[in-house]
Amino acid sequence: MMLLPHEAMLAASQLAAPAAHPLDGTVAGYVWLLPLLPLLGFLANGLLSVTSAAHFGPADPGAGHGPAHPSSPAPHAPSDHGAAGDDHHAVARHRHASLVSLIGPGVLVVAFGLALAIFFAMQGAGEMKAPFIQRYFSWMPVGDLNIDVAFQLDQLSMLMVLIITGVGMLILLFSVGYMRDDPGYPRYFAYLNLFVFFMLVLVLGSSYPLMFIGWEGVGLCSYLLIGFWFSEKANADAGKKAFIVNRIGDFGFLVAMFMMFANFGALDFTGVAAGASQLGLGSVLVTAICLFLFLGCAGKSAQIPLYVWLPDAMAGPTPVSALIHAATMVTAGVYLIARSNILFSLAPVACLVVVLIGALTAIFAASIGLKQWDIKKVLAYSTVSQLGYMFMGVGSGAYAAGMFHLMTHAFFKALLFLGSGSVIYAMHAAYHHTGSHDDAQDMRNMGGMRKYMPITWGLMWIATLAISGIPPFAGFFSKDEILGAVHARHAGSTLDGASLLGVPGGAIMMFCYVLGLAAAFMTAVYMTRMMLYTFHGPNRTGDRERDHLHEAPWIMTGPLVVLGALSAVGGWFNLPSFFPAGRVGALEHWLDPVVGDGALRFTNGAPVEVPASTEYLLVGIAIAIAVAGIALAFVRLKPATLVPKTDAPAEHGFERVLANKYFVDEIYDATIVEPVVATSRGLLWRGIDVGLIDGFTRLLIQSKDDDSAPGSSVQMGGLLTRAVGLVGSTLQSGRVGTYAWVLVVGMLFVLGAFTFR
Amino acid sequence: MREFLLSVGFDRWILPALLAIPLLGALGVMAGGRAPEGEDEVASGAATRPRSLATLVFGIEFLLSLGLWWSFDPADPSWHARFDVAWIPSWGTRFTLGLDGIALMMVLLTTLIMFLASLGSWSAVREKASSYYALLLVLTTGMLGVFMALDLFLFYVMWEVMLIPMYFIIGIWGGQRRIYASLKFFIYTMIGSLLMLVGIIYLGLAAREPLAVAPNFSYDAILAAPQLTPAAALWVFGAFFLAFAVKVPMFPFHTWLPDAHVEAPTAGSVVLAAIMLKLGTFGFLRLAIPLMPGAAMHPTVRLIILTLAVIGIVYGALVSLVQPDFKKLVAYSSVSHLGFVMLGIFALTVQSVQGALMVMINHGLSTGALFFLIGMIYERRHTRLIAAYGGIARVVPMFSAILVFVSLSSIGVPGTNGFVGEFLVLLGSYRTYPVLAVIAATSVIIAAAYLLWAVQRILFNPLDKAENEHVPDLNRRELLLLSPLLVCIVWLGVYPAPVLRRMQPAAERFVHMVETRAALAPVDVEARR
Amino acid sequence: MPHNNLQLFYVANFYLFGLIAIASAVAFVTRKSPVSAALWLVSTMSALAAMYVMLDAPFIGVMQVLVYAGAIMVVFLFVIMLLNLGHPSEIADARGIWWKLAGGLVGLALLAQIFALTRARLPEALVLPENTVADQIVRTGAIAPLAGPLFHEYLLAFEVTSVLLLAAVVGAVVLGKRKDRDYAR
Amino acid sequence: MLAESLFFSAVLFTVGVVGVLTRRNAIIIFMCVELMLNAVNLSFVAFAQVYGASGQVFVFFVMTVAAAEAAVGLAIIIALFRHRHTVNLSNINLLKG
């Protein structure tokens with residue numbers, strides 16, 4: 001690209017903008033390398049995938065004037081294709097597999113190393129109040145709008161970068177084993193690299209539009225990866241559903257951006273925050289912006305009413321579920337709210353909505369999770385439920401708590417997914433050996449896996465205890481902090497002062513706290529249920545298959561062990577004050593420059609003060625509930641009596657409603673999707689377009705090959721034209737006398753026009 | 001680069017050269033004689049000479065026009081590369097050509113797309129090849145002339161020059177119902193353009209010098225002349241509106257488009273979508289709004305047009321959702337995209353107008369690429385029905401990757417060009433018409449639904465039809481012809497700033513001029529009372 | 001007008017021949033026999049020739065007698081006789097009474113409109129300027145005033161008429177020639 | 001005498017028109033057309049008296065054209081008569097496509 005002179009100068013002047021920042025000159029200047037690395041990985045892997053699959057067609061594809069005849073020998077059989085012949089059951093190592101295995105996870109290892117280096121540089125730089133913003137080039141300079149491609153590095157984005165690159169690296173390593181025999185191996189890594197690229201753009205972008213690139217980009221990768229095995233209609237459907245539902249959320253995000261630009265004249269984080277600060281607490285504008293932003297979050301982070309795509313998204317490969325649909329992408333909504341904390345802190349009503357939706361989602365999804373049989377579906381609903389917790393946290397102004405839960409959830413949920421992945425891997429391998437087509441993901445076909453996969457079993461129990469909230473595992477600290485924050489803000493905060501639809505905010509907060517507790521109880525129950533049915537009791541896989549069940553290779557268990565360790569000790573990153581085993585509130589302190597001001601505004605500037613007795617009481621209740629849930633599951637559930645899927649009886653009553661996810665998908669289909677399609681087809685297309693508008697056209701012209709006119713209306717074709725033609729052809733008698741008459745009468749008219757004007 | 005171009009007098013001869021080269025090329029192509037009736041000229045080799053000659057001419061044309069990118073100076077407010085000779089003095093019309101930033105981009109888009117269209121017809125046009133390529137060349141002159149003309153009469157002549165080759169291209173090389181489609185196309189556009197001629201003559205007479213007999217059709221002179229009375233402005237604007245709205249096409253004048261698209265040969269569809277639809281919106285930008293700002297920006301008129309635009313956006317998207325024919329689906333999606341352009345133009349903020357211009361370019365690239373892809377798969381399987389496919393991603397991986405990519409660009413995924421345009425249009429129009437902008441924004445949802453659904457039914461799902469199992473993938477020529485479009489899709493998505501900067505002064509002038517002139521427009525006494 | 005003392009004579013003659021022309025014309029259209037109609041037309045044309053003389057166009061008047069009344073009408077008569085159109089079946093060619101009435105009405109309407117337009121269009125104060133044509137005739141004779149413009153300003157048109165006449169001659173010959181198959185029949 | 005000339009001219013012209021409308025004999029219709037041409041000639045001559053000799057030049061041209069027309073027209077009528085054995089225009093509709 002050649003630049004005009006003034007363009008180059010403009011670009012140079014922007015790059016040279018002086019900003020004295022403690023990170024200037026440190027390794028943080030290489031922040032652009034973070035997204036670039038996975039992008040390069042994507043390009044390399046994508047190229048490998050395409051070149052290995054490409055077979056150019058003939059120079060004249062239309063020769064022969066007929067459809068390619070099956071008997072005519074094609075230049076290549078489809079099964080020869082590398083990526084082309086993606087078949088879930090095909091086992092053929094890709095010929096570039098080793099190179100891909102090097103590039104795919106490799107770029108993330110480097111990126112993670114760089115992220116660590118930048119992290120330490122930030123620590124070394126000392127107190128850092130302002131974000132470190134690097135401008136690269138101007139993206140959309142239009143009038144008073146100027147959107148730069150610029151990366152913003154601060155404590156919040158650093159946390160996300162570490163989670164994304166760290167957990168991402170582990171999951172990609174796991175994938176090397178999990179996807180080893182898939183013919184689409186390079187394509188898989190290309191997509192995952194692309195995903196990481198977009199995710200890093202999402203968290204590093206310094207403006208809402210740039211964030212939106214990542215926001216939609218990760219949705220796109222999610223779409224591609226959910227439909228990775230696209231030859232099954234269900235998988236392709238799930239990918240499409242995810243994208244479209246996400247688009248509904250993106251619509252909200254877009255509208256929020258329009259409002260920001262129209263009212264603040266800026267779209268970068270600092271500009272919007274400055275503009276919003278001019279507005280008063282609870283102004284309609286800020287509330288509207290926040291609600292539209294939250295619509296975006298609800299789409300991306302699978303909250304009511306847009307959560308429906310996430311359970312279906314489990315159609316993708318399991319590591320994808322771990323990375324995208326548990327650890328990183330779905331938490332983008334939480335990140336967005338934390339990033340927009342200034343806006344949300346000014347809109348208590350919107351925050352109440354966030355908390356309420358979060359709490360409702362938490363309990364709603366948890367209840368569905370109670371009756372799922374697919375091991376990944378259990379985890380999916382668990383994810384939806386945990387995301388609800390995070391929104392309760394960030395909605396109530398406890399940004400650090402929400403982000404803390406995001407982090408710990410990334411650890412233990414990634415572990416759970418990868419663990420379930422390694423179980424499925426074992427099941428799949430066993431079924432593959434015997435050629436069986438049973439469901440490798442149904443828990444009724446598992447049972448007793450402890451014997452065959454002891455490492456996985458142990459690690460998954462750690463994660464289960466973490467998610468259930470048993471101290472001292474990671475989930476206990478983060479979940480407790482959220483529930484504590486919700487409880488603490490039910491009185492004496494701006495949320496308490498606001499009201500939603502006439503209901504006072506304090507009551508809503510209290511209600512949400514109770515819902516959160518109930519959801520925690522259910523979480524403990526369904527997680528224990530999953531563990532019991534999968535790993536305990538007798539094995540139900542089948543007699544022939546049983547011999548082929550075995551532990552996954554080290555490349556898969558290795559990342560599990562790391563994640564297990566993190567799940568166990570992750571809570572230590574942000575210890576509460578009553579648990580003084582190390583540095584108290586490290587994460588909260590770390591995030592304080594970014595979210596501190598926003599968080600303080602919720603409590604009118606005063607730090608949250610909770611009496612120690614109350615705090616101990618709340619912690620006690622939380623632990624008691626978690627233990628009770630686990631105990632209940634152990635007492636009530638009998639893995640020994642379970643029968644394999646094919647022999648299982650149908651559910652009845654409320655169990656059936658739960659197993660069918662409250663029929664929400666069916667309701668959406670019947671009330672939204674089908675009416676829209678039917679209206680479009682019946683009324684808009686056939687009615688208005690073909691019937692009404694083309695009906696008018698048919699008055700003018702008619703053609704024998706006009707097949708859009710149904711039935712009898714063909715005879716009506718060209719009515720107007722025919723009438724005019726009849727008159728014209730009668731006049732056209734061929735007799736000169738008639739013509740003379742017409743001529744003279746016409747002349748009379750012309751003269752008359754002059755005479756009588 | 002700029003110095004070199006100016007040293008060879010590039011900006012003095014380039015515009016007439018761009019108009020003349022295709023015409024000369026058409027003569028050259030026709031001079032080759034014709035093959036016997038009904039012969040497969042691709043197989044017999046008779047098509048080789050016309051198609052290579054035409055592609056060569058288009059290539060030269062494109063390379064020459066590329067020089068405009070560098071020779072153009074956005075800071076200079078006068079017409080770039082102005083060319084002015086006497087033409088028909090007694091009618092007060094001169095042969096005046098010139099470019100601003102908007103027209104520049106359209107000219108570049110035209111020359112690029114025509115080059116690719118010629119390359120894309122390589123094996124698709126198997127009969128009467130020399131006539132076909134000659135018509136394509138004449139069509140190019142007409143379209144470029146419309147973008148370049150600075151004389152209203154010349155504008156009209158070029159407008160008609162472009163109509164006739166398209167009529168024949170659809171009517172001769174089209175599909176089963178080509179006669180119906182071409183007739184419909186012709187009648188719709190003709191009715192509109194005749195009214196436009198009346199409007200142009202009225203403007204020319206109104207702008208003549210005192211005591212002069214001959215009208216004055218010079219664009220600058222008409223712009224400088226006193227504005228029409230409100231009633232006259234409304235009538236003339238109505239005439240222009242009909243001509244351009246049919247061409248755009250706006251709801252409810254759009255029904256010729258799906259038929260024309262479906263029946264036209266691949267290159268015809270590409271040209272129709274990528275360039276000819278833009279002529280309508282270009283007409284609004286160049287003529288209808290600046291010349292009659294009082295009428296165009298009258299609150300009621302503006303609201304009606306904006307409402308039609310938004311109806312078009314949502315309606316086009318919804319109807320696309322249920323099309324069984326992929327080409328028709330894309331055709332209806334054009335209605336939706338062009339609605340964005342109209343929304344952007346009439347919302348009249350710098351962002352929305354710039355966005356509208358971007359959508360014009362992007363739609364040309366993305367929808368052009370989609371039509372190319374449909375044409376390629378049609379050449380192989382001879383059907384465009386979505387239901388006839390399924391799972392072919394396994395058979396034609398390159399085709400599938402490109403189709404998915406182009407679809408994403410058409411949906412407007414950020415990072416591709418589609419997003420930049422739609423985002424700017426909506427961002428800008430939210431400032432003046434927030435409710436309409438929000439309604440229009442819902443189409444991002446429907447757009448994802450209709451395209452992804454179609455892509456899924458074509459590429460994904462089980463490969464359950466035997467005739468799809470041996471479809472050959474893209475060949476090297478097809479890959480070569482798609483690659484410039486793909487590059488542009490990414491480039492305009494990631495770094496649109498050079499394009500935006502070139503169009504910026506023109507867009508700002510447009511907004512400023514229309515606002516000030518609309519404020520100065522004579523007010524109807526009765527309306528004030 | 002050339003001689004003021006002759007003015008009254010001229011005007012009187014003008015009206016006289018005008019009335020003769022109209023009367024002959026009416027007789028012309030009402031005659032059933034083509035031969036008598038043609039003769040009445042000759043009468044009209046001769047009267048017109050006289051009127052031309054009164055209007056200071058003596059040369060045109062002469063041409064009128066020579067070309068129209070003489071040559072053209074003689075050709076008409078020849079053709080009528082050649083085709084033997086005096087035959088009774090050919091005579092009854094006039095249309096029915098309703099057609100005649102309608103034709104008359106249309107004619108009246110046309111006349112009324114022409115009059116209305118002439119009155120509206122002609123400037124009331126249109127006064128004859130200096131008698132340019134008349135003076136020229138006095139100075140240079142009757143032909144020169146016509147010959148000057150004809151061979152200067154309208155030279156090209158004049159030459160083109162000669163081509164036209166040639167084409168008409170050729171056309172008449174070709175059309176009138178009996179074709180071989182006509183003999184064969 | 002301009003106004004008078006125009007009056008006579010108009011009357012003669014109208015008589016010619018009525019003739020064309022009411023007669024069916026091709027030759028008579030043809031002669032009616034000649035009458036109309038003569039009526040126009042009268043106007044030309046009258047105007048020439050006032051505005052200069054150009055009007056007379058036009059009369060000259062009209063005569064030439066009339067002569068040519070008569071030649072071709074009569075030839076057509078003769079050719080027509082040979083085929084149809086009539087000059088009654090009611091029986092002739094060759095112009096019908």
Side-chain angles (χ1 to χ4, degrees), chain A residues 1 7 50 53-63 67-68 70 74-75 78 81 83-86 137-143 145 212-213 216-217 220 227 230-231 233 236 240 243-244 247-248 250-251 254-255 258 261-262 677 680-681 684-685 689 693-694 697 700-701 703 705-707, chain B residues 42-43 123-124 176-177 179-180 183-184 187 252 255 315 318-319 321-322 350-351 354 379-382 391 393-395 397-398 401 413-415 420 424 426-427 430-431 437-438 441-442 444-445 448-449 452-453 456 460-462 466-467 469-476 496-498 500-501:
Chain A
M1 180 49 43
E7 280 176 9
V50 169
H55 295 267
F56 286 109
D60 180 9
H81 292 192
D86 286 340
F137 58 89
S138 186
W139 185 28
M140 287 190 223
V142 180
L145 169 76
F212 193 69
I213 292 191
E216 285 240 316
L220 161 67
F230 52 75
S231 293
K233 184 166 185 300
K240 182 190 68 191
F243 197 89
I244 292 170
R247 273 256 156 167
I248 298 175
D250 297 346
F251 161 75
L254 278 173
V255 174
F258 303 154
F261 181 64
V677 170
S680 303
R681 180 176 287 131
L684 298 184
W685 182 34
D689 231 67
I693 301 176
D694 276 359
T697 313
L700 291 174
I701 54 172
S703 170
D705 55 17
D706 172 15
D707 66 10
Chain B
V42 173
S123 60
Q176 305 250 300
R177 297 171 54 221
I179 303 295
Y180 172 73
L183 210 61
K184 203 169 170 185
I187 286 180
T255 59
Y315 178 91
L318 282 175
V319 175
L321 199 60
V322 293
V350 179
Q351 285 82 20
Q354 281 269 56
E379 264 187 76
R380 289 159 169 76
R381 279 279 286 107
H382 297 275
R394 294 175 58 186
V395 188
M398 267 190 299
V413 170
V420 177
L424 286 175
L426 293 171
L427 195 68
Y430 186 86
R431 284 182 148 181
V438 171
T442 57
V444 300
I445 305 166
L452 291 188
W453 192 27
Q456 180 196 347
F460 305 148
N461 292 352
E467 58 270 30
E469 278 170 14
H470 298 283
V471 179
D473 206 346
L474 301 184
N475 60 35
R476 286 180 174 78
L500 288 171
R501 287 208 186 94

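We use all heavy atoms of the structure for the numbers below, so side chains are in, but hydrogens, waters and symmetry mates are not. So that the names make sense, note that chain A is the first sequence line, chain B the second, and so on, each numbered from 1.
Contact of V677(A) with chain B is made through backbone and side chain together, with heavy-atom distances under 4.5 Å. Heavy atoms of L684(A) lying under 4.5 Å from chain B belong to its backbone as well as its side chain. Contacts between L321(B) and chain A at a heavy-atom distance below 4.5 Å involve the side chain alone, from C-beta outward. For F243(A), the part sitting under 4.5 Å from any heavy atom of chain B is the side chain, from C-beta outward, and nothing else. Looking at I248(A), both its backbone and its side chain come within 4.5 Å of chain B, counting heavy atoms on both sides. Contacts between A401(B) and chain A at a heavy-atom distance below 4.5 Å are absent for every atom of the residue.
Per-residue counts of heavy-atom pairs under 4.5 Å with chain A were compared for G415(B), A124(B), P252(B), G391(B); the largest is that of P252(B). Between chain B and the residues G217(A), P141(A), G227(A), A262(A), the most heavy-atom pairs under 4.5 angstrom are made by P141(A). In terms of heavy-atom pairs under 4.5 Å with chain A, the best-connected choice from T442(B), V420(B), V444(B) is V444(B). Most heavy-atom pairs under 4.5 Å with chain A: of the set V319(B), L452(B), L424(B), this distinction falls to L452(B). Here L427(B) is the residue among V350(B), L427(B), V413(B) with the most heavy-atom pairs under 4.5 Å with chain A.
Checking side-chain atoms of Q351(B) against main-chain N and O of V142(A) turns up a donor-acceptor pair under 3.5 Å. Within the 3.5 Å criterion, the main-chain N or O of F56(A) finds no donor-acceptor partner in the side chain of N475(B).
Side-chain contact between S231(A) and F460(B): absent, with no pair of heavy atoms (C-beta onward) separated by less than 4.5 Å.
When the salt bridge (Lys or Arg N to Asp or Glu O under 4.0 Å) test is applied to R681(A), no partner is found at least two apart in sequence or on another chain. Residues meeting the ring-ring contact (aromatic ring centres under 6.0 Å, His included) test with Y315(B), sequence neighbours left out: F251(B), H254(B).
Scanning both residues, A236(A) and N461(B), for their nearest heavy atoms gives CB-OD1, 3.7 Å. What you find for K233(A) and Q456(B) is that their closest heavy atoms are O-NE2, 3.8 Å. Nearest approach of W685(A) to V322(B), heavy atoms of both residues: CZ3-O, 3.9 Å. The heavy-atom pair separating F251(A) from I445(B) by the smallest distance is CB-CD1, 3.9 Å. Of all the heavy atoms in L500(B) and M140(A), the pair that sits closest is CD1-CA, 3.9 Å.
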